[in-house]
Amino acid sequence: MADFILTAPEGANKKPKRVGRGSSSGLGTTAGKGNKGQQSRSGSAVPYVGFEGGQMPLYRRIAHRGFSNYPFRKEYLCFNVKDLERKFSSGDTVTRETLVEKGLVKSKKLGIKILGDGELTKSLTVKVDKVSASAKAKIEKAGGSVVVSEASSDKAN
């Protein structure tokens with residue numbers, strides 16, 4: 001069996017800085033902490049994230065009241081017309097299931113929206129949650145049809 005001598009690469013292990021060991025060491029007197037102030041004192045630590053030196057912190061100065069749409073928002077996976085051109089052949093139907101089969105969609109929670117970037121030459125039937133106006137025009141121009149699902153087409157007043 002060969003004897004291996006394991007050594008750390010050059011520069012991997014640095015010696016610790018020895019602070020407060022006289023002025024000739026380069027880190028004497030104030031030991032690299034500067035002059036005066038909160039950080040120069042022994043045992044000092046900034047109390048918490050957002051601490052502003054005793055000034056009222058920003059997160060407490062700003063009002064935290066009112067409505068947030070976050071819990072009710074709807075998220076969509078966006079696909080461009082060029083993605084449909086690349087993955088689907090003429091006469092295919094584009095639905096959530098076919099997008100999963102082609103490996104484009106993994107999450108079943110998100111809605112699907114088609115955007116109009118790129119060109120489309122194939123006739124496709126598109127049945128998704130949302131379609132942009134430019135994408136709809138391109139799909140219909142290529143001889144396809146667009147069916148937007150009823151649940152997501154309800155517009156809030």
Side-chain angles (χ1 to χ4, degrees), residues 1-90 92-122 124 126-136 138-139 142 148-149 151-152:
M1 213 165 139
D3 291 329
F4 292 105
I5 299 171
L6 297 177
T7 56
E10 188 68 33
N13 299 327
K14 293 182 180 178
K15 290 185 177 180
K17 286 184 180 178
R18 300 191 67 220
V19 297
R21 294 293 183 272
S23 58
S24 62
S25 71
L27 287 168
T29 60
T30 58
K33 290 180 169 228
N35 294 310
K36 301 183 185 176
Q38 187 175 17
Q39 266 83 24
S40 70
R41 311 294 185 205
S42 65
S44 78
V46 175
Y48 48 83
V49 175
F51 181 70
E52 297 185 19
Q55 174 174 303
M56 185 64 69
L58 182 69
Y59 77 92
R60 289 190 61 197
R61 292 198 301 264
I62 295 174
H64 286 254
R65 296 180 62 184
F67 176 76
S68 170
N69 197 46
Y70 181 80
F72 311 107
R73 71 180 179 174
K74 292 184 177 127
E75 289 188 33
Y76 293 93
L77 278 171
C78 295
F79 295 98
N80 282 302
V81 173
K82 65 182 175 186
D83 301 325
L84 305 182
E85 174 76 22
R86 192 172 61 240
K87 289 283 189 175
F88 290 90
S89 56
S90 188
D92 283 354
T93 303
V94 180
T95 61
R96 178 182 300 280
E97 290 74 30
T98 57
L99 288 167
V100 169
E101 287 171 19
K102 304 273 185 186
L104 294 170
V105 175
K106 291 183 180 133
S107 173
K108 293 184 178 179
K109 295 177 183 176
L110 301 176
I112 294 171
K113 183 172 183 175
I114 307 296
L115 302 175
D117 186 30
E119 291 301 318
L120 185 66
T121 58
K122 300 169 183 169
L124 300 172
V126 180
K127 295 180 182 176
V128 291
D129 299 313
K130 280 193 168 193
V131 179
S132 72
S134 62
K136 186 174 182 178
K138 288 180 182 181
I139 292 166
V148 177
S149 65
S152 64

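- Pairing each heavy atom of Ala31 with each of Gly20, the nearest pair is CB-N, 4.0 Å.
- Side-chain contact between Lys109 and Glu75: absent, with no pair of heavy atoms (C-beta onward) separated by less than 4.5 Å.
- Expressed to the nearest 0.5 Å, how far CG of Leu99 lies from CG of Leu84 amounts to 7.0 Å.
- A distance of 13.5 Å separates NZ in Lys108 from CG in Leu77, rounded to the nearest 0.5 Å.
- When side chains are defined from C-beta on, Gln39 counts as touching Val46, because their heavy atoms get closer than 4.5 Å.
- With rounding to the nearest 0.5 Å, the separation of CZ in Arg86 from CG in Leu104 is 8.0 Å.
- Within the 4.5 Å cutoff, the side chain of Lys82 has heavy atoms near those of the Asp117 side chain.
- Of all heavy-atom pairs spanning Lys102 and Lys87, the tightest one is NZ-O, 3.2 Å.
- Rounding to the nearest 0.5 Å places NZ of Lys17 at 11.0 Å from OG of Ser25.
- At a threshold of 4.5 Å between non-hydrogen side-chain atoms, the residues Thr98 and Asp92 do not count as touching.
- Atom NZ of Lys122 has more than 12 heavy atoms from other residues, nucleotides or ligands within 6.0 Å.
- Between Asp129 and Arg96 a salt bridge is recorded (basic side-chain N to carboxylate O distance below 4.0 Å).
- Closest approach of Leu115 to Cys78, counting heavy atoms only: CD1-CB, 3.7 Å.
- When side chains are defined from C-beta on, Val94 does not count as touching Phe79, because their heavy atoms never get closer than 4.5 Å.
- Between the side chain of Arg60 and the backbone N or O of Leu58, no donor-acceptor pair lies under 3.5 Å.
- Side-chain contact between Lys130 and Tyr76 is present, with heavy atoms from C-beta onward closer than 4.5 Å.
- Between Lys138 and Glu85 no salt bridge is recorded (no basic side-chain N to carboxylate O distance below 4.0 Å).
- Between Gly34 and Ser40 the shortest heavy-atom distance is O-CB, 4.4 Å.
- Ring geometry for Phe72 against Phe67 counts as parallel: the plane angle stays under 30°, on a 0 to 90° scale with 60° as the upper cut.
- The heavy-atom pair separating Leu124 from Ser89 by the smallest distance is CD2-O, 3.4 Å.
- For the atom pair OG1 (Thr95) and CD1 (Ile112), the distance works out to 8.0 Å, reported to the nearest 0.5 Å.
- When all heavy atoms of Thr93 and Phe88 are compared, the closest pair comes out as O-CE2, 4.1 Å.
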